[in-house]
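Take a look at the structure set out below.
Protein chains get the first letters and strands the later ones, always in sequence-line order, with residue 1 at the start of each.
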Protein chains: 2
Amino acid sequence: MTTRRTGLREQKKQATRDALRTAALRLALERGPDNVRVDDIAEAAGVSPRTYNNYFSSREQAIVAAVTGEREARVAAAVAARPADVGLADAVIEAVVDQYTAPDAAGRDALLLITTRPALREAFVEATTAIEHPLAEAIAARVGDGGEHQHAARVLAASVAAAVRVALDQWLSATVSSVTAGGLVVPSGSLPDLLRAALAPLAPALDAADRARGGGTRDDGPAGRA
Amino acid sequence: MTTRRTGLREQKKQATRDALRTAALRLALERGPDNVRVDDIAEAAGVSPRTYNNYFSSREQAIVAAVTGEREARVAAAVAARPADVGLADAVIEAVVDQYTAPDAAGRDALLLITTRPALREAFVEATTAIEHPLAEAIAARVGDGGEHQHAARVLAASVAAAVRVALDQWLSATVSSVTAGGLVVPSGSLPDLLRAALAPLAPALDAADRARGGGTRDDGPAGRA
DNA sequence: ACGCAAACTTGCGTGCGCGCACTTTTCTGG
DNA sequence: CCAGAAAAGTGCGCGCACGCAAGTTTGCGT
């Protein structure tokens, strides 16, 4: 239903997209990002270079996509999955934290690569924009479909994305400075904390929107923001 | 203090920047944006093409810059200028609305041009990102310099920027659809309304931050409007 | 089963963004 | 007033992004 636009077409497309980003990441890891031409990626994925940028509008985007995956859909799904009585703020915060807390054992070196190269870092941060629309729909579904709510949902989703961006910026700058300063590469385990801290200031807005819907009461609480 | 980096250097730089964006807009209006090569802009401004993209990283950016001007600084200044007793939300909202309510009599046709071309529209919307940092500082100045507040200010500034982006998106899509649908080009006079509507959902968050400010009374010192 | 329409791919050409090394201009200390 | 340093401007070259106009594949109706 949701993904059922067409059968074979969409399937092949997805396969190509995945082949491209996988190849991009693999090559970037093997030779270093600067020694990877677009043509190489295209060749590795078995398509023409022109087709490559039918899928990605920059080389960085392709590499990063291998790591970000389908995060946008997962965040939205996570929000939708939370029971309706937990309060919008908590639902969103936990959903986001869950999805960005990547126990990416496999993609750990990929992240190291990304955090190292400025261009990749920018693309990585920029990729969070993708959650806006799915998240807006998820929030709208919780808050109500009224035109008024629709707009609020969009704004809140954009704000959440912005907050995530800020958190990632902090995380990355902290990482780079720790690398620069000491020899120690802090694994930056505090991303979840940074995310919570960045999202906390938005909680009042989210809760206000939540409260303004049809009329549910909610209990605050267990997340304990302080 | 703010502009006191160097004397002649900065001055010339600013002049060049302005010459470039002015030339870019003028040429775009004269021949249509697609008939303007980067070389033309550079030549019109009296610099080399290479120098041109030391200032702007895309052709669209230069054209748009002629219209957006120094908006980022003005928004921040406007926020700082509001008396301390109006509440952060109102201060921000009014400051933003004021700056985006461009009675641009001169730049009206420029806006028409921008709203017409998709690439320019995107650049125009993207330009709002520039207000983030100045606005963050302005908010931080109001809320308090504590590390905790600093972060909140950054998030809130980013959220405000995101909300503005949403409002502009709506405004632009409304414009384009009205052009497409009827023959009437709605002058889209409702931008201020859209901005207020987009910023409204953030008011609770802004006020919450305002209320949580650290040390009670404060004085702005230099920026104080007396 | 077949053919038409829509979607996707591809080759080509053009302008552009930007790293690099170098020249010219501006700033600073003596 | 004059070096030497710092910063801005410039020329060159390389990939790359993307519009365009084919060619090719997939899907749908009859």
**Message:** Do Arg142(A) and Arg82(A) make a side-chain contact, defined as non-hydrogen atoms from C-beta onward lying under 4.5 Å apart?
**Reply:** yes
Show each protein N/O and nucleotides 22-25 of chain C N/O combination with a separation under 3.5 Å, one pair to a line.
none

**Request:** Could you check Gln99(B) against Arg71(B) for side chain to side chain donor-acceptor pair (under 3.5 Å), going step by step and ending with a plain yes or no?
**Result:** CA-CA 7 Å; Gln99(B) 293 305 322; Arg71(B) 184 179 290 154; over 6 Å; no
**Prompt:** Just by protein heavy atoms under 4.0 Å, how would nucleotides 12-17 of chain C read 5' to 3' in B, S and -?
**Reply:** B--SSS
**Request:** Rounded to the nearest angstrom, tell me the gap between atom OH in Tyr55(A) and atom C1' in dA7(C).
**Result:** 10 Å
**Message:** If I take atom CD in residue Glu43(A) and atom P in nucleotide dT10(C), what distance separates them, rounded to the nearest angstrom?
**Reply:** 13 Å
**Item:** Residue Glu94(B) excluded, over 12 heavy atoms near CD under 6.0 Å
**Value:** yes
**Asked** Are OP1 or OP2 of dT10(C) and a side-chain N or O of Ser48(A) less than 4.0 angstrom apart?
**Response** yes
**Protein-nucleotide distance (Leu20(A), atom CG; dC16(D), atom P), rounded to Å** = 14 Å
**Fill in**
Taken to the nearest whole Å, CD/Glu122(B) to P/dC18(D) is 10 Å
**Asked** Less than 4.5 Å apart, any side-chain heavy atom of Val75(B) and any of Pro134(B)?
**Response** no
**Prompt:** Could you give the NZ-to-C1' distance, from Lys13(B) to dA7(D), as a whole number of Å?
**Reply:** 9 Å
**Prompt:** Can a donor-acceptor pair be found between the side chains of Gln170(B) and His151(A) at a distance below 3.5 Å?
**Reply:** yes
**Message:** I want to check a possible cation-pi pair here: Arg117(A) against Phe124(A), using under 6.0 Å from ring centre and within 45° of the ring axis as the test.
**Reply:** no
**Message:** Check for me whether Arg21(A) meets the cation-pi criterion with Tyr55(A), that is, NZ or CZ under 6.0 Å from the six-membered ring centre and within 45 degrees of the ring axis.
**Reply:** no
**Asn54(B) CG to dG11(D) P, straight-line distance once rounded to whole Å** = 12 Å
**Request:** Please report, rounded to the nearest Å, how far the P atom of dC16(D) is from the CG atom of Asn35(A).
**Result:** 12 Å
**Asked** Is the closest side-chain heavy-atom distance between Gln150(A) and Val143(A) below 4.5 Å?
**Response** no
**Asked** Between Glu70(B) and Arg74(B), is there a salt bridge with N-O shorter than 4.0 Å?
**Response** no
